[in-house]
Participant: 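Sharing a structure here in structure tokens format.
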Amino acid sequence: MRRPYGLEGLPHQVTVYEVGPRDGLQNEAAVVPVEAKAEFVARLAGAGHKVIETTSFVHPKWVPQLADAEELLARVERRPGVRYPVLVPNERGLDRALAMEVDEIAVFASATETFAAKNLNRSLESQFDMFEPVVARAVAAGVRVRAYVSMCFADPWEGPTPIPQVVEVGERLLGLGCYELSLGDTIGVATPGHVTALIEAFGSPDRLAVHFHDTYGQALGNTLTALRAGVTTVDASTGGIGGCPYAESATGNLATEDLVWMLDGLGVETGLDLGKLVETSTWLAGLLGRPSPSRVVQALSKG
């Protein structure tokens with residue numbers, strides 16, 4: 001076991017919000033069998049994950065990989081103490097999720113006009129008309145709602161996203177009743193100073209999470225910066241798989257193993273077993289037919 005060397009200003013514990021089964025797999029061209037997806041979720045729970053975003057109730061036409069949402073949830077053994085949130089794009093998706101007795105959902109918003117049009121077929125303003133009834137109905141049913149905001153730092157069509165614009169979108173989502181706001185660096189262009197400025201602009205980090213993509217190799221540095229700014233929930237994908245079907249420049253998510261390696265070295269608790277995560281990613285890489293992009297998986301799987 002490595003000896004931890006801590007840094008000032010870090011939280012004692014961090015919640016890793018695992019997005020591999022949903023955000024990780026959604027960009028895969030070849031459909032992964034539902035049996036393998038169920039095993040993936042079970043392996044993640046076995047590695048110590050307490051939050052596993054399992055699937056999405058998006059229309060199969062838009063994301064064929066997740067067309068088996070109902071069948072997958074029926075197969076997943078929901079362990080006590082583990083949360084299994086699902087992504088819900090609209091009221092029809094909420095109906096499907098409620099029918100499967102989920103107790104936590106997430107909605108996916110945009111911080112920019114162009115991405116709202118491309119991803120949601122809505123304007124920046126009219127996207128809230130879609131989210132408001134979803135959040136209200138979910139909360140009334142006792143279902144917790146998380147909100148993602150994409151393109152928080154820049155988007156490929158409009159360039160850098162103004163910080164006040166991100167804050168306005170985020171605060172409106174929290175005002176609707178979302179318990180947490182995940183700030184997404186969808187195309188992976190953020191740098192630590194920008195991360196600090198955005199988090200500080202919200203005034204308090206208490207209800208914020210971060211979601212970094214590693215396009216320019218900045219995901220770990222940005223995550224460390226966010227933790228020192230007070231954030232305690234980090235989205236990550238086992239094996240570093242993932243992307244965005246509506247933004248070609250978006251590469252893989254921050255790898256869970258890379259995150260855990262860093263946090264273990266800092267003495268920050270995650271409750272995750274790095275060895276089991278590496279085993280899971282090695283198994284997944286065999287299933288997908290290519291090596292894991294995670295540097296930690298590459299190093300440890302070679303002994």
Side-chain angles (χ1 to χ4, degrees), residues 1-20 23 44 47-53 81-83 85 146-149 152-153 163 166-167 170 174 179-186 188-240 242 252-278 281 294-297 299-300:
M1 179 178 292
R2 294 181 297 148
R3 177 182 175 183
Y5 292 87
L7 293 173
E8 291 185 6
L10 291 177
H12 173 69
Q13 185 175 20
V14 163
T15 298
V16 179
Y17 190 102
E18 175 63 43
V19 299
D23 193 24
L44 293 171
H49 274 294
K50 298 301 181 185
V51 192
I52 306 168
E53 191 169 79
V82 179
R83 294 154 49 200
R146 185 188 212 231
Y148 288 99
V149 182
C152 286
F153 297 89
I163 285 178
V166 180
V167 173
L174 291 171
Y179 78 90
E180 184 173 75
L181 188 71
S182 177
L183 303 175
D185 182 19
T186 313
V189 298
T191 48
H194 196 167
V195 172
T196 300
L198 179 58
I199 293 171
E200 289 180 348
F202 275 92
S204 170
D206 292 349
R207 299 170 69 185
L208 301 180
V210 288
H211 185 119
F212 293 115
H213 286 224
D214 206 30
T215 313
Y216 292 88
Q218 303 296 298
L220 275 178
N222 289 334
T223 298
L224 182 59
T225 297
L227 297 180
R228 298 187 84 168
V231 172
T232 59
T233 298
V234 179
D235 299 359
S237 175
T238 293
N253 292 288
L254 169 63
T256 305
E257 295 88 349
D258 296 5
L259 174 64
V260 172
W261 176 271
M262 180 181 76
L263 295 179
D264 282 353
L266 289 166
V268 177
E269 296 181 6
T270 63
L272 296 175
D273 185 316
L274 183 58
K276 290 183 178 179
L277 290 173
V278 171
S281 285
S294 164
R295 301 295 290 272
V296 168
V297 171
L300 294 184

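Since we're looking at a predicted model, the values are computed, not measured. Only heavy atoms go into these numbers, but all of them, side chains included; no hydrogens, no water, no symmetry mates.
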Participant: Once rounded to the nearest 0.5 Å, what's the spacing between atom OH of Y216 and atom CG of D185?
Facilitator: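 Separation between the atoms: 10.5 Å.
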Participant: Measuring from atom OG1 of T186 to atom OH of Y148, what distance do you get when rounded to the nearest 0.5 angstrom?
Facilitator: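 If I round to the nearest 0.5 Å, the distance is 11.5 Å.
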Participant: Taking only residues two or more places apart in sequence or in another chain, which ones pass ring pair (Phe, Tyr, Trp, His ring centres under 6.0 Å) with H49?
Facilitator: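 H49 satisfies ring pair (Phe, Tyr, Trp, His ring centres under 6.0 Å) with no residue once adjacent residues are dropped.
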Participant: Side-chain polar contacts of residues 189-197 - donor-acceptor pairs under 3.5 angstrom, sequence neighbours left out - could you list them?
Facilitator:
residue: T196; atom: OG1; partner: P192; partner atom: O; Å: 3.1

Participant: Is the shortest heavy-atom distance from the side chain of L198 to the side chain of I163 under 4.5 Å?
Facilitator: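 Answer yes - side chains close enough.
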Participant: Applying salt bridge (charged side-chain N to carboxylate O under 4.0 Å, His left out) to R146 and D235, what does each step give before you reach the verdict?
Facilitator: CA-CA 12 Å; R146 185 188 212 231; D235 299 359; 2.7 Å; yes
Participant: What are the two closest non-hydrogen atoms of W261 and R2, and how far apart are they?
Facilitator: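 Taking W261 first and R2 second, the nearest heavy atoms are O-NH2, 2.6 Å.
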Participant: Can you measure from CG (L266) to CG (L227) and round to the nearest 0.5 angstrom?
Facilitator: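 One gets 8.5 Å once the value is rounded to the nearest 0.5 Å.
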Participant: Can you check whether A255's main-chain N or O pairs, donor with acceptor, with R295's side chain at less than 3.5 Å?
Facilitator: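 Between the backbone of A255 and the side chain of R295 there is no qualifying donor-acceptor contact (under 3.5 Å).
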Participant: Hey, what do you get for CG (L224) to CG (L263), rounding to the nearest 0.5 Å?
Facilitator: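 Interatomic distance, L224 CG to L263 CG, rounded to 0.5 Å: 8.5 Å.
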Participant: Can you check whether N222 reaches L254 side chain to side chain, under 4.5 Å on heavy atoms?
Facilitator: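 Not touching, per the 4.5 Å side-chain cut-off.
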Participant: Nearest 0.5 Å, please: how far is CG in D206 from CG in L181?
Facilitator: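 One finds 13.0 Å between CG of L181 and CG of D206.
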Participant: Can a donor-acceptor pair be found, under 3.5 Å and without considering hydrogens, that links the side chain of E18 to the backbone of T238?
Facilitator: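 Yes, because the side chain of E18 sits within donor-acceptor range (under 3.5 Å) of the backbone of T238.
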Participant: Got a donor-acceptor contact below 3.5 angstrom from the E257 side chain to the G239 backbone?
Facilitator: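 Looks like yes, one N/O pair under 3.5 Å.
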Participant: Nearest heavy-atom pair of G184 and F153: which atoms, and what distance?
Facilitator: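 Closest pair (atom of G184, atom of F153, distance): O-CD1, 4.2 Å.
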Participant: Quick check for you: to the nearest 0.5 Å, what is the distance between N253 atom CG and D23 atom CG?
Facilitator: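 If I round to the nearest 0.5 Å, the distance is 4.5 Å.
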Participant: What pair of heavy atoms forms the shortest contact from I199 to P205, and how long is it?
Facilitator: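 That would be CG2-CB, 4.1 Å.
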Participant: Can you check whether L183 reaches V231 side chain to side chain, under 4.5 Å on heavy atoms?
Facilitator: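 Not in contact.
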Participant: Say whether, by atom type as modelled, one donor and one acceptor occur between the side chain of D258 and the main chain of V296 under 3.5 angstrom.
Facilitator: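 Yes, the answer is positive, given that a donor and an acceptor are paired below the 3.5 Å cut-off.
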Participant: Measure the shortest side-chain to side-chain distance between F202 and R207 over non-hydrogen atoms and say whether it is less than 4.5 angstrom.
Facilitator: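 They are not in side-chain contact.
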Participant: Testing the basics here: between L272 and G48, what is the closest heavy-atom pair and its distance to 0.1 Å?
Facilitator: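 Closest pair (atom of L272, atom of G48, distance): CD2-C, 3.4 Å.
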Participant: Considering only distance and modelled atom types, tabulate donor-acceptor pairs under 3.5 Å from the side chains of residues 4-16, sequence neighbours left out.
Facilitator:
residue: H12; atom: NE2; partner: E269; partner atom: OE2; Å: 3.2

Participant: Taking D273 for its side chain and L277 for its backbone only, find out whether a donor-acceptor pair lies under 3.5 Å.
Facilitator: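 No.
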